[in-house]
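See structure below.
These values consider heavy atoms only, across backbone and side chains, with no hydrogens, waters or symmetry-generated copies.
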Amino acid sequence: MKVSAVVCTYAMERYDVFSECVDSVLAQTYDPLEVVVVVDGNEAVFERVREEYGDREEVVLRCNDENRGISYSRTRGAEIASGEVVAFIDDDAVAEPDWIAELARVYEETDAIAVGGHAKPDWVTEKPDFFPEEFYWLVGCDERGMGEHMAELRNTYGSNISFRRSVFLSVGGYDENTGRKGDRHIQAHEAPVCIRMANRYGKGVIYNTDAVVHHKLFEYRGDFRWLVFRSFWQGYSKRIMDLLLPEAAGDKNEYLKQLLLEFVPSRLRDLVREPSSAEIKQLVAIFVFTAAVGFGYLYGLVQSDDALVRENADGTSAA
């Protein structure tokens with residue numbers, strides 16, 4: 001079974017990180033493997049990619065005619081790919097050598113139509129002591145309570161997810177109005193395609209925690225102010241998701257219940273037994289981030305539904 005790994009990039013300042021990602025994919029133990037690189041409208045980056053990887057037989061290169069965003073680029077990569085399975089990894093992540101082999105194993109042993117893996121945080125700087133594991137989803141990594149090994153989830157994160165290519169394309173791929181596009185980032189990137197897939201095929205994403213990528217977290221991702229704003233826009237994006245795909249609301253409510261009824265009480269018990277400043281900071285952060293998500297959702301509620309959908313469609317949102 002041939003697998004195509006898609007890597008999308010666009011900024012020259014990320015090139016060294018991007019090349020580390022591509023090199024980790026080229027070093028996979030699995031064969032046959034194809035690596036599809038899509039450069040999002042940056043000719044200078046594309047020329048450098050072509051110089052470095054253009055002579056590799058297993059590498060396919062494309063450059064968008066303009067900056068179209070991560071969702072467009074990933075769907076374009078899947079269209080170009082020739083593998084039965086298409087796997088996605090962020091350009092600031094590094095895959096373990098058996099990443100593709102672990103994803104492929106699930107397809108070979110089961111009737112899975114989508115398989116995701118463990119997105120492990122890799123702090124480039126020192127991890128902030130206030131950052132709780134329950135909110136790693138803010139930075140695209142697996143949070144506490146993500147799911148059990150080989151459980152079926154609605155979706156895993158974009159730094160570590162794969163689909164049967166025919167299934168992915170049959171539901172239209174990624175929604176071009178979500179995901180990163182320059183400085184704009186409408187969140188809930190993976191959820192729409194996975195919900196459409198579940199509606200059509202009745203299946204979710206199998207979570208293989210043995211398929212590991214290390215997602216680099218740079219200094220700005222540990223900035224408290226940045227994380228609060230990120231939380232706010234996550235809440236706003238969830239309101240858009242509820243309008244476009246009402247069935248998406250369930251996972252959000254379940255996780256909030258788990259957070260407040262299981263994780264917070266557990267942390268409080270631990271804090272009573274072994275008081276620490278870091279634990280106190282993390283508890284405070286949980287409540288601040290949760291409140292910011294709520295305010296973002298409320299901000300979406302006070303706007304008209306038509307305006308929200310139109311804003312999402314034309315790409316003018318500040319998210």
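Residues Thr75 and Gly172 approach most closely at CG2-O, 4.2 Å, considering heavy atoms. When all heavy atoms are compared, the tightest approach of Gly117 to Asp142 is O-OD2, 3.8 Å. Counting all heavy atoms, side chain and backbone alike, Asp223 lies closest to Trp226 at OD2-N, 2.9 Å. Pairing each heavy atom of His215 with each of Cys141, the nearest pair is CB-SG, 3.7 Å.
Ion pairing of Lys257 with Glu254 is present here, as a side-chain N (NZ or NE/NH1/NH2) and a carboxylate O approach within less than 4.0 Å. A salt bridge does not link Arg14 to Glu20: none of the charged side-chain nitrogens sits closer than 4.0 Å to a carboxylate oxygen. At a threshold of 4.0 Å, the pair Arg267-Glu134 counts as salt-bridged, since one of the basic side-chain nitrogens sits closer than that to a carboxylate oxygen. Between Glu102 and Arg105 a salt bridge is recorded (basic side-chain N to carboxylate O distance below 4.0 Å). Taking the charged nitrogens against the carboxylate oxygens, Lys216 and Asp92 have no contact shorter than 4.0 Å, which rules out a salt bridge. Salt bridge absent: Arg165 and Glu84 never bring a charged side-chain N and a carboxylate O closer than 4.0 Å. Taking a cutoff of 4.0 Å between a charged side-chain nitrogen and a carboxylate oxygen, Asp40 and Arg68 do not qualify as a salt bridge.
The stretch residues 142-172 participates, sequence neighbours left out, in these ring pair (Phe, Tyr, Trp, His ring centres under 6.0 Å) pairs: Phe88-Phe168, Phe163-Phe168, Phe168-Tyr174.
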Between Lys2 and Asp31, is the salt bridge (Lys or Arg N to Asp or Glu O under 4.0 Å) condition met? List the steps.
CA-CA 7 Å; Lys2 185 176 182 179; Asp31 187 62; over 6 Å; no
Using ring pair (Phe, Tyr, Trp, His ring centres under 6.0 Å), reason through Phe224 and Phe289 one step at a time and then give a plain yes or no.
CA-CA 10 Å; Phe224 188 80; Phe289 296 160; 5.6 Å; yes
side-chain contact (heavy atoms from CB on, under 4.5 Å) between Asn64 and Val39, worked out:
CA-CA 6 Å; Asn64 297 335; Val39 178; over 6 Å; no
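In this structure, Met146 and Thr156 have side chains that are in contact, with non-hydrogen atoms separated by less than 4.5 Å.
Between Leu169 atom CG and Arg164 atom CZ the span is 14.0 Å, to the nearest 0.5 Å.
For Lys238 and Trp137, the positive end sits near the middle of the six-membered ring, less than 6.0 Å away and at most 45° from its axis. Because its NZ or CZ atom is both nearer than 6.0 Å to the ring centre of Tyr15 and within 45° of the ring axis, Arg48 counts as a cation-pi partner of that residue.
A distance of 6.0 Å or more separates the ring centres of Phe232 and Phe229.
When the side chain to side chain contact (heavy atoms under 4.5 Å, CB included) test is applied to Arg50, the partners found at least two apart in sequence or on another chain are Phe46, Glu47, Leu61.
The aromatic rings of Trp123 and Phe131 sit perpendicular, their planes meeting at an angle over 60°, well past the 30° parallel limit.
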